[in-house]
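Here's the structure we're looking at; comments come further down.
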Number of protein chains: 2
Amino acid sequence: MEATSRNDVRAALRACRLWRTATDDAIAVLAASASVQDAARGRLLATEGEPAERFGVVVSGRVRVFHMTADGRTIVMETMEHGEAFAAVATLAGGRNPASVDAATPATIAWISGESLFELLAAEPQIARGLIGDLSERLINLTSVVQTLALDVPGRLARYLFQRSLAVGEATADGLRVSLGMPKAELAASLGTVPETLSRALGRLRDDGVLEVRGSEVIVFDVGALARLGSGYGE
Amino acid sequence: MEATSRNDVRAALRACRLWRTATDDAIAVLAASASVQDAARGRLLATEGEPAERFGVVVSGRVRVFHMTADGRTIVMETMEHGEAFAAVATLAGGRNPASVDAATPATIAWISGESLFELLAAEPQIARGLIGDLSERLINLTSVVQTLALDVPGRLARYLFQRSLAVGEATADGLRVSLGMPKAELAASLGTVPETLSRALGRLRDDGVLEVRGSEVIVFDVGALARLGSGYGE
DNA sequence: ACGTCGGCTTGACGCGCGTCAAGGACGAGA
DNA sequence: TCTCGTCCTTGACGCGCGTCAAGCCGACGT
């Protein structure tokens, strides 16, 4: 990982949708108050149940917001990249973290105190609307996580692949080339399952002629089938 | 159900946490702009996927925010009572409803257009903070729904009973008397399962000496056991 | 009292998926 | 080239829970 400058931090804060409409001056103040942390892969950044006095903005890398069940499995609720904030909700509500956060890749985090955010809100009230919009979207996303959990594993996989086809799919002579975006073991965890089951689900989609697996990417032949399976109207 | 007056509507809006700090005048304006609907039990109030131009505040009765899976099961994400708003998030974000809403009991709803809310926000910017706090709390609640879905059915049941013991439990000579709060079939749906499985789960808690079932209420002998099972550290 | 109807319970069964265990496949290092 | 080590795959098995199909019980109406 390369060294992280104050500029990178400012860029990340500028990109953050929470205060979309804040002035550059206000961002500079926020950046000055931030404390920066470099975290290795797997490093725990926030712990479920702890009081949240500050929140993080991802400067680089990727972090996972997750819940760990008693038997050690993890459910990934969100993943955050450059310019996205985590643990902000609990900080805003003045409560405890409802979930844990760790680094999915080596990551750099800018920590902002709840106080700083409220000062920003007082100084520039117009940002409230952006904040409200962002929270609303997060709520909608989480709703879709709940719905996803109602699907079986092939359904969840199809939903993921479908969304990813739209986002990063590349048309080729064979079909739509889509990278999985992470190691299969990690993908399995994101889908709330284990590598063995993911492997079988991929195998089944292959046998059904929907796609072909090539290492860490897949060639999708039938996007419609993915959409159907992923919306719960499969078979 | 008794007739609903404009006063009831105003009282419900006053109780709504979205605009906790709004002035009474502003509430009156909002109430005047609201359209009131009486809904029979089971009446669909909002449909997943539809654009949300307005949102509802519950004046009386109880509504369920839920997702229906392709095979017809429902997952209940939230239930709302007097003074609580639904479909507000999608309206604020200018998007589509992420879930459906129906009346769990006969209910009276005050519908507010997104426009009215934004006018209120413009007129009284101080309410933004309350709105942000409310959205944050909703986000936290929904996080706990996700966690709950990771539990098995006895765990979800125990979690529900534990929370309800704290909320409405009444100490008696035998133990803590707790009403289930709804018919068992409805409770089963709320827990994301079916009556048969709920029945078995209750039977198992009974056999383990944790509680005793009496019609639509239970006598809890061992609250600690409920807490343990409901937090995922059961057995 | 007697039907009967809706809500609840119980048993039998099948399917999905998590677990355990045993192989591949592939790259890194000597 | 051989040997690890890591990641992925495959098979066998058990458990939880949804489904189907009977019963059971209390609440009604006439």
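Numbered from 1 within each chain, the chains take letters A, B, ... in sequence-line order. The analysis underlying the following values was restricted to heavy atoms, covering all of them including side chains, and did not include hydrogens, waters or symmetry mates.
- Minimum atom distance to the side chain of A:Asp152 is reached by C:dC17, of the listed C:dC17, D:dC17, D:dG18.
- A:Ile109 places a side-chain heavy atom less than 4.5 Å from the side chain of A:Leu45.
- The B:Pro154 side chain lies nearest to D:dC17 when the options are C:dG18, C:dC8, D:dC17.
- The CZ-P distance, from A:Arg214 to D:dC8, rounds to 19 Å in whole Å.
- In this entry the distance linking CG of A:Leu198 with C1' of D:dT9 reads 11 Å, nearest Å.
- Between B:Leu149 atom CG and D:dG18 atom P there is a gap of 12 Å when expressed in whole angstrom units.
- Between the CG atom of A:Leu151 and the P atom of D:dG18 there is a distance of 15 Å, given to the nearest Å.
- Between the C1' atom of D:dC8 and the CG atom of A:Leu157 lies a distance of 15 Å, rounded to the nearest Å.
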Could you write out each protein N or O paired with an N or O of nucleotides 10-12 of chain D at a distance under 3.5 Å?
| unit_1 | atom_1 | unit_2 | atom_2 | d |
| --- | --- | --- | --- | --- |
| D:dG11 | N7 | A:Arg200 | NH1 | 3.0 |
| D:dG11 | O6 | A:Arg200 | NH2 | 3.3 |
| D:dA12 | N6 | A:Arg200 | NH2 | 3.4 |

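- Expressed to the nearest 0.5 Å, how far CG of A:Asp222 lies from CG of A:Asp208 amounts to 10.0 Å.
- Taking atom CG of residue B:Leu202 and atom P of nucleotide C:dT10, one finds them 10 Å apart after rounding to whole Å.
- The structure places OG of B:Ser216 at 11.0 Å from CG of B:Leu187, a figure rounded to the nearest 0.5 Å.
- A 4.5 Å side-chain heavy-atom check between A:Thr108 and A:Asp38 finds at least one atom pair inside the cut-off.
- For the atom pair B:Ser144 OG and A:His67 NE2, the distance stands at 9.5 Å (nearest 0.5 Å).
- Straight-line distance from the CG atom of A:Leu187 to the C1' atom of D:dC8: 13 Å, rounded to whole Å.
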Could you give me the CA-CA distance, side-chain angles and deciding distance for A:Thr172 and A:Arg177, then say whether side chain to side chain donor-acceptor pair (under 3.5 Å) is met?
-> CA-CA 7 Å; A:Thr172 71; A:Arg177 202 171 88 237; 5.8 Å; no

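- With distances taken from any side-chain atom of B:Lys184 to the nucleotides D:dC17, C:dC8, C:dC17, the minimum falls on C:dC8.
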